[in-house]
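All values below were derived from every heavy atom in this structure, side-chain atoms included, with hydrogens, water molecules and symmetry-related copies excluded.
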Amino acid sequence: MVKIMKVENKPYLPIIILIICIFCSVFSIYISNAIVININFSGIVGFSLFFLIMILIIFNYKNDIYLYYLSLLCLPGIFDDLMPQVKIGYEYEAGFTTFPIFSLFDLLLIILIYKYKNREIRKNIIWILIIMILILDVINFTFSIFNYRGEYLGVLFRGTLLFVRLSLIYILLVSIKIDKYYFMNLSAYVNMSILILSLGSFFLSIGKERFVGGYYGMNIFANFLVMLTLISFGFFLIYKTKLNVFYLITTIIGLIIILLTQTRMALLSLLFGFLLMILLLNVNYRKKLSLLLLGSLSLVIISIYLLNTSQFTRLLVLISPIDYLQNVDLSTNTTLGTRLLLWEATLQMVKDNLFFGIGAGMWNFVRYEYGVSFPVLLDSHNSYLGIMSEYGIIIFILYMFFIILCIYKSIQNIKKESEVQTKNVQKVYLIAVICWLLTELSNAGIYKVSIHIFVWTILLSLYLFKPNRDIGENIEK
């Protein structure tokens with residue numbers, strides 16, 4: 001039997017978690033730097049341990065999956081600094097830092113699985129696919145240990161956990177009821193996370209030319225924010241309640257932050273997502289769209305006036321992309337030229353290590369052998385090429401099949417659904433996750449623990465959603 005999760009009509013976050021998220025988001029850069037610079041700084045370590053224990057107690061007491069989602073999106077990585085660490089690069093590289101072998105979110109995920117503890121796993125095609133990926137992942141891990149003679153054991157183990165989390169997410173989601181209210185409640189927490197992340201991003205970006213996203217990074221933060229903003233925009237269109245203003249505000253905030261990060265791929269994906277929702281959602285959107293455009297335009301003008309306008313020069317590429325591509329100098333352009341070099345090197349890694357890959361988490365070590373000699377901590381800047389190079393072509397094919405299968409099943413669920421508003425709810429999340437998948441063509445955000453857990457949660461939730469359920473009153477009421 002599947003344990004039915006209690007769903008609240010008005011999901012509001014307990015005040016303790018909200019305070020923790022806001023406080024840690026705003027001051028994460030100072031806390032993280034203190035821990036990295038001096039691990040013996042007992043005040044900072046004690047502070048982190050105190051909040052870590054508090055979060056674990058809250059999750060053990062209140063098994064609320066929405067709290068997990070909000071913590072996943074908003075809590076910075078200061079707690080992971082206390083976990084066992086490995087080096088994903090050399091110490092002379094700019095931006096060098098250590099990375100946790102496992103994360104706080106792994107512990108919280110296991111707690112939730114234990115609290116729901118449904119032993120009946122639906123042995124469908126998606127579960128078989130996940131198990132196949134997991135088995136091949138373990139085989140690749142074993143092969144890489146012998147290949148590197150045990151030298152990078154911690155790095156390889158950390159990389160192997162990527163697809164272990166995929167199986168854990170599935171085990172959790174089959175234990176709860178996934179219906180329209182599940183997605184509605186999740187949207188409210190997504191909006192909270194946008195507010196918290198924007199507040200933290202503002203403080204972290206003071207004195208910088210581009211907006212940053214704390215432990216998310218710069219471009220990865222903007223790309224991830226695309227998915228969150230599109231969810232807000234979608235519910236702004238389909239909701240007819242007092243929360244409508246809340247969704248409007250967070251949509252505009254998300255749009256402005258993406259503009260200020262100057263990440264072109266994120267902005268293009270966001271606009272593409274806006275267009276898809278306007279075309280595919282069955283709503284009367286004209287009045288809402290006018291409000292959104294008016295509010296966004298006003299804030300853009302204010303932002304340009306208050307900030308140095310030179311920060312927006314990169315966005316001019318969107319006005320005349322053809323002229324830009326004709327005149328771009330790959331030898332001096334640090335975005336397009338560098339990416340082409342990284343992609344070429346990654347493709348060569350794939351050719352040389354077709355079946356087993358170079359090893360999970362080994363890209364930044366191996367890249368020097370393929371002509372990428374910049375003394376900077378890097379990744380493939382394309383999650384699909386990155387997975388193919390590190391895990392091998394077989395796992396990559398299975399992983400892409402997993403994504404395609406989730407999207408296909410979601411489309412089938414939408415077609416079978418009889419209620420218009422339930423169709424719209426599913427469409428919002430499907431469009432949002434597809435747009436994020438497009439941004440991964442130019443970045444590798446999939447390696448961020450919080451990002452791949454959340455993205456896979458959305459994909460599997462859409463897959464497991466059952467159409468034509470008797471789910472109570474209409475969303476408009």
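Taking CG of Leu260 as the start and OG of Ser198 as the end, the distance is 11.5 Å to the nearest 0.5 Å. We find the CG-CG distance between Leu166 and Leu129 to be 8.5 Å, quoted to the nearest 0.5 Å. To the nearest 0.5 Å, the span separating CD1 on Ile128 from CD1 on Ile133 amounts to 12.5 Å. To the nearest 0.5 Å, atoms CG (Leu112) and OG (Ser175) are separated by 10.5 Å.
The number of heavy atoms from other shown groups lying within 6.0 Å of CZ (Phe157) does not exceed 12. Counting heavy atoms of neighbouring residues, nucleotides and ligands inside a 6.0 Å radius, atom CZ of Phe272 does not exceed 12 of them. Counting heavy atoms of neighbouring residues, nucleotides and ligands inside a 6.0 Å radius, atom CZ of Phe355 does not exceed 12 of them. Counting heavy-atom neighbours within 6.0 Å of Ile125 CD1, excluding the residue itself, gives a total of 12 or less.
Looking at Phe221 and Leu197, their side chains come closer than 4.5 Å, going by heavy atoms from C-beta outward. Using a 4.5 Å heavy-atom threshold, the side chains of Leu173 and Ile169 count as touching. By the 4.5 Å heavy-atom criterion applied to side chains, Tyr463 and Asn124 are counted as neighbours. Between Ile88 and Val155 the shortest side-chain heavy-atom distance falls below 4.5 Å. In this structure the side chain of Leu186 reaches within 4.5 angstrom of the side chain of Phe454, judged on heavy atoms. Residues Leu230 and Val428 form no side-chain contact, since every pair of their non-hydrogen atoms from C-beta on lies 4.5 Å or further apart. At a threshold of 4.5 Å between non-hydrogen side-chain atoms, the residues Ile178 and Leu460 do not count as touching. In this structure the side chain of Leu437 reaches within 4.5 angstrom of the side chain of Ile407, judged on heavy atoms.
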TODO: Please step through side-chain contact (heavy atoms from CB on, under 4.5 Å) for the pair Asn443 and Arg339, ending with a clear verdict.
DONE: CA-CA 9 Å; Asn443 278 285; Arg339 278 179 169 81; 3.5 Å; yes
Open item on the list: If you apply the rule side-chain contact (heavy atoms from CB on, under 4.5 Å), what do you find for Ile130 with Phe163, and how did you get there?
Closed with: CA-CA 8 Å; Ile130 292 172; Phe163 291 112; over 6 Å; no
TODO: Start with the C-alpha distance between Phe224 and Trp436, add both sets of side-chain angles, then the distance that settles ring-ring contact (aromatic ring centres under 6.0 Å, His included), and finish with yes or no.
DONE: CA-CA 7 Å; Phe224 190 46; Trp436 178 84; 7.2 Å; no
Task: Worked verdict on Phe143 versus Val138 for side-chain contact (heavy atoms from CB on, under 4.5 Å) - done: CA-CA 9 Å; Phe143 176 81; Val138 174; over 6 Å; no
Open item on the list: Set out, in order, the CA-CA distance, both residues' side-chain angles and the distance that settles ring-ring contact (aromatic ring centres under 6.0 Å, His included) for Phe465 and Tyr182, then state yes or no.
Closed with: CA-CA 10 Å; Phe465 187 94; Tyr182 166 86; 8.8 Å; no
Output a table of donor-acceptor pairs, distance under 3.5 Å, between side-chain atoms of residues 387-406 and any protein atom two or more places apart or on a different chain; print 'none' if there are none.
residue : atom : partner : partner atom : Å
Ser389  : OG   : Leu385  : O            : 3.2
Ser389  : OG   : Gly386  : O            : 2.9
Glu390  : OE1  : Gly361  : N            : 2.9
Glu390  : OE2  : Trp363  : N            : 3.2
Tyr391  : OH   : Gly159  : O            : 2.6
Tyr399  : OH   : Trp456  : NE1          : 3.4

Output a table of donor-acceptor pairs, distance under 3.5 Å, between side-chain atoms of residues 369-377 and any protein atom two or more places apart or on a different chain; print 'none' if there are none.
residue : atom : partner : partner atom : Å
Tyr370  : OH   : Asp352  : OD2          : 3.0

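Qualifying side-chain hydrogen bond (donor to acceptor under 3.5 Å, both in side chains) partners for Arg367, counting only residues two or more places apart in sequence or in other chains: Glu93, Asn364. Remark: Asn191 pairs with Ser232, Thr250 by the side-chain hydrogen bond (donor to acceptor under 3.5 Å, both in side chains) rule, at least two apart or across chains. For Gln412, the side chain to side chain contact (heavy atoms under 4.5 Å, CB included) test picks out Tyr408, Lys415, with sequence neighbours left out. With sequence neighbours excluded, the residues forming a side-chain hydrogen bond (donor to acceptor under 3.5 Å, both in side chains) with Ser103 are Asp80, listed by chain and number.
Heavy atoms only, all atoms of each residue included: Ser144 and Gly359 are closest at OG-CA, 3.5 Å.
Ion pairing between Asp106 and Arg165 holds under the 4.0 Å rule for side-chain N and carboxylate O.
Between Phe233 and Phe274, the ring planes lie tilted relative to each other; the angle falls in the 30° to 60° range. Relative orientation of the Tyr152 and Phe365 rings is tilted, given thresholds of 30° and 60° on the angle between their planes.
Without hydrogens or angle criteria, Ser442 side chain to Thr439 main chain gives a donor-acceptor distance under 3.5 Å. The main-chain N or O of Asn382 is found under 3.5 Å from a side-chain atom of Ser380 such that the two form a donor-acceptor pair. The backbone N or O of Glu417 sits less than 3.5 Å from a side-chain atom of Lys423, completing a donor-acceptor pair. Side-chain atoms of His452 come within 3.5 Å of backbone atoms of Ile446 as a donor-acceptor pair (strictly under, hydrogens ignored).
Note: Tyr189 and Tyr69 fail the aromatic proximity criterion, with ring centroids not under 6.0 Å apart.
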